[in-house]
Number of protein chains: 2
Amino acid sequence: MEKMEKAIERWCNTDFTFEGPTEGNPFLEVRLDATFTNGSREVHVPGFYDGDGRYVIRFMPDILGTWHWNTHSNRQELDSKAGSFSCLPAADGNHGPVRIASSRRFAYEDGTPYHPFGTTCYAWTHQGNAMEERTLRSLVDSPFNKIRMCVFPKHYTFNTDEPEMYPFEGHPDTGWDTTCFNPSFFRHLEHRIADLATRGIEADLILFHPYDRWGFANLGAEADDRYLRYVVARLAAFRNVWWSFANEYDLMKSKTLADWERMAALVADADPWQRLRSIHHCFHSYDHTRPWITHCSIQRTDWYKTSEYVDEWLTRYRKPVVVDECAYEGDIPNNWGNITAEEMVRRFWEGTIRGGYVGHGETYWNPEEVLWWSKGGELHGGSPARIAFLRNIVEADFDETMDYVPDGSASDRNPPYFGRRNRYYLCYFGFNQPAWKMFEMPVGERYEVDVIDTWNMTVENVEGVHEGTFRVDLPARPYMAVRLRRTQP
Amino acid sequence: MEKMEKAIERWCNTDFTFEGPTEGNPFLEVRLDATFTNGSREVHVPGFYDGDGRYVIRFMPDILGTWHWNTHSNRQELDSKAGSFSCLPAADGNHGPVRIASSRRFAYEDGTPYHPFGTTCYAWTHQGNAMEERTLRSLVDSPFNKIRMCVFPKHYTFNTDEPEMYPFEGHPDTGWDTTCFNPSFFRHLEHRIADLATRGIEADLILFHPYDRWGFANLGAEADDRYLRYVVARLAAFRNVWWSFANEYDLMKSKTLADWERMAALVADADPWQRLRSIHHCFHSYDHTRPWITHCSIQRTDWYKTSEYVDEWLTRYRKPVVVDECAYEGDIPNNWGNITAEEMVRRFWEGTIRGGYVGHGETYWNPEEVLWWSKGGELHGGSPARIAFLRNIVEADFDETMDYVPDGSASDRNPPYFGRRNRYYLCYFGFNQPAWKMFEMPVGERYEVDVIDTWNMTVENVEGVHEGTFRVDLPARPYMAVRLRRTQP
């Protein structure tokens with residue numbers, strides 16, 4: 001028996017809800033999933049128990065037309081339910097989920113390029129609604145279109161508040177029943193993920209992390225796997241979800257490499273939409289060549305350089321590179337938390353010029369100890385405005401034919417270039433301050449030239465059209481870039 | 001027959017001059033050397049022809065007491081001359097030549113520590129007397145106690161003037177007679193080396209370099225060896241001479257590794273005083289483990305890091321490390337010539353904290369195209385004053401028991417420390433800007449604490465005596481350092 005339901009927008013998710021058994025432990029004992037078909041396309045979707053006898057199949061249609069579905073369950077009242085619905089074209093601004101577009105680029109599923117300009121608020125969904133709404137407002141005013149955030153609450157310096165909710169039944173003092181999830185916790189998280197989707201922000205969801213006083217970092221393999229299945233069933237249908245298996249997996253001593261591989265396989269198998277997957281390290285990079293890893297999520301390498309290695313990582317891994325943590329703009333004593341706005345912006349430009357992406361975070365101390373990197377709230381730093389400026393240039397100029405342009409010399413001693421030979425060059429000088437720069441272009445190629453002040457956020461066109469060998473005067477200040485754009489011919 | 005001559009100050013040089021043959025080519029045909037003895041000490045000193053029938057033995061006595069000498073020559077009128085003189089104690093301020101004191105430090109021969117704070121004026125002795133006197137005045141007002149300078153003139157960007165003199169007989173248009181040296185050229189060079197000695201500045205003399213339009217970079221092995229013997233005979237007696245076999249040896253394509261080794265062996269054999277020896281590279285470091293190399297003369301590694309590797313090089317080579325070229329403060333377009341004063345000072349601090357030394361150079365463009373790095377003249381930059389500030393701290397604080405203090409962590413992610421455990425710590429924050437820093441010292445150890453602003457050149461004592469775990473507030477600006485000095489107990 002099949003009923004036609006309301007139409008659903010492409011790449012939006014909808015819930016198919018069923019009443020079912022409440023006795024025993026439904027999380028453990030009741031199995032429910034569904035098959036969705038649309039022509040030759042068939043999608044298997046795990047369902048989940050949402051408490052109070054409510055069972056849900058959450059689905060995101062990714063192609064237009066009529067979808068048919070039917071359920072499978074070990075309980076009769078949930079089995080062989082069926083229906084169909086129509087998938088309508090996406091509304092303006094809905095480009096679908098982000099996918100890997102090439103060995104170094106992302107794109108939305110509708111083909112629109114997606115350039116991640118991310119930030120980090122690890123525990124923002126654990127701060128209560130007032131703070132969380134402030135965070136969302138700050139994000140709207142920011143250049144950020146991706147946020148790194150933890151499912152579990154976080155225990156760490158400047159961040160020791162007790163969360164309002166926990167993912168499992170139980171209490172910090174008495175322990176957790178990891179076989180019983182707390183649907184309220186997950187409904188709240190989903191609400192925030194949807195808030196982000198509405199605002200065009202990808203939720204780079206960190207599934208495990210070591211900064212824990214509740215035991216969530218050490219649940220054991222069986223509970224970990226249950227948790228992952230539950231998370232996938234509830235969250236995979238959100239088009240803006242990315243799976244980040246860990247923040248700093250190598251600090252989680254209770255999990256082995258085999259554990260990570262098992263969990264990655266589980267998610268890769270269970271996730272109907274194959275959301276992006278990566279894993280973030282502290283000291284030792286995970287092997288980003290592993291097939292389940294869609295893109296590299298990189299941590300800073302040392303006190304001085306990180307973004308400067310992006311082109312090497314792109315060459316080595318042949319996957320997009322996101323330096324999710326290049327240190328944070330701020331002034332706390334922790335060695336990763338006190339770079340200047342200038343240095344943060346420099347790291348963004350370096351990584352961008354080298355063909356990858358860099359992530360932001362902010363750690364200015366304040367008496368309330370609301371630090372953006374952990375709790376969200378307001379942004380205080382100087383880098384977001386400049387990151388917005390950079391993002392505008394990237395979105396306006398970059399296309400898939402462009403890349404880092406190695407300078408051909410044996411060593412890394414020249415300012416880095418991005419672009420496409422004979423077409424477009426973006427040359428970035430970083431902390432250096434040349435008073436001019438000579439360019440040697442083939443005769444017959446004419447270029448428009450802009451001098452870009454990446455810190456003061458100005459683009460000044462250099463009068464005339466330039467050809468052959470020409471000189472571009474610069475203000476002998478740090479953080480300048482020069483852009484050459486070929487005009488006809 | 002022996003005559004007693006006037007007394008000579010220890011570590012000062014004096015000339016023993018003889019009239020001799022002028023026919024033929026005295027440079028080639030007349031051999032002259034002398035043996036100097038003082039008790040059991042015996043020194044063999046090559047002589048040189050100074051033109052106009054004048055032959056010279058130049059000698060620097062390095063121990064006190066009565067020295068006897070006698071000559072050996074293939075010409076009767078120069079052979080078996082003899083004499084003696086008395087060596088008197090060094091005057092105040094004359095500490096003797098610089099020697100290697102340990103696997104990372106230099107000292108003058110009288111034991112006074114010598115910390116090189118060098119600069120670079122490659123071609124300053126080829127600029128005519130007016131400019132050369134300006135350079136000397138600038139040096140006196142500067143913190144620099146070593147200068148890198150070429151024997152040969154230099155042909156390069158911003159530096160294409162014809163020199164007043166050449167080292168050989170001949171003319172640029174007609175070529176050189178490399179068997180005939182130009183004594184005027186060398187007398188002028190000696191005069192400038194003596195000017196430096198008077199001012200307490202070491203002359204880090206570059207014997208070969210590739211920036212040449214006269215052919216001096218490609219004389220051939222026979223002429224190279226003759227040149228080296230002549231240079232050693234004339235210059236080795238100056239207590240402030242160091243031999244730098246090349247600037248950027250690896251750009252001198254006409255010389256092989258075997259050539260460099262042969263020339264090094266020649267100098268090591270001929271030089272009675274065993275002046276310091278090193279060799280500077282462009283892309284590929286020479287093998288600094290070679291026994292004839294007394295210390296490492298390092299070129300910048302890449303666009304970002306160089307001084308940061310000093311501790312690694314010290315460990316690898318077990319010889320003092322001088323980053324003679326870490327890039328230059330300035331604004332010219334060349335990739336090595338446009339770092340800010342802030343970045344230059346940061347590189348100095350980094351290298352110093354890591355147990356080595358960093359060299360200065362300046363390349364601000366000006367309409368006269370007198371750039372310090374090449375011609376000398378005046379200093380315009382912001383770094384020398386801050387380098388003076390650093391030098392004061394080093395000379396006041398550092399002793400041979402102190403060194404870079406590795407932080408013990410697996411990666412280079414913390415601010416570097418210099419000092420001696422449980423005694424003295426100098427912690428440098430570079431471009432980072434923490435608002436405070438926690439120190440955990442063993443209970444019972446009391447420390448005096450200073451907050452040092454390396455850019456604004458202030459030292460502020462933090463009131464009180466500090467013990468155990470304590471917090472030091474900082475101004476949340478880059479380029480700060482903290483110094484802990486143990487008080488009793």
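Each chain gets a letter, A, B and so on, in the order its sequence line appears, and its residues count up from 1.
- A:Gln433 contributes atom CD, which lies 5.0 Å from atom OH of B:Tyr364 (distance to the nearest 0.5 angstrom).
- Atoms CG and NZ, on A:Asn335 and B:Lys437 in that order, are 7.5 Å from each other to the nearest 0.5 Å.
- Atom CD of A:Glu369 sits in a crowded spot, with more than 12 heavy atoms from other residues, nucleotides or ligands closer than 6.0 Å.
- Going from atom CD of A:Glu350 over to atom CH2 of B:Trp303 covers 9.0 Å, rounded to the nearest 0.5 Å.
- Residues meeting the ring-ring contact (aromatic ring centres under 6.0 Å, His included) test with A:Tyr211, sequence neighbours left out: A:Tyr156.
- When the heavy atoms of residues 337-344 of chain B are compared with those of chain A, the residues falling under 4.5 Å are B:Asn338, B:Ile339, B:Thr340, B:Glu343, listed by number.
- You'll find the side chain of B:Asp302 stays beyond 4.5 Å of the side chain of A:Glu308, heavy atoms only.
- When every heavy atom of A:Pro434 is checked against every heavy atom of B:Pro333, the shortest pair comes out as CB-CA, 4.0 Å.
- For B:Trp436, the parts lying near chain A are the backbone and the side chain together; criterion is any non-hydrogen pair under 4.5 Å.
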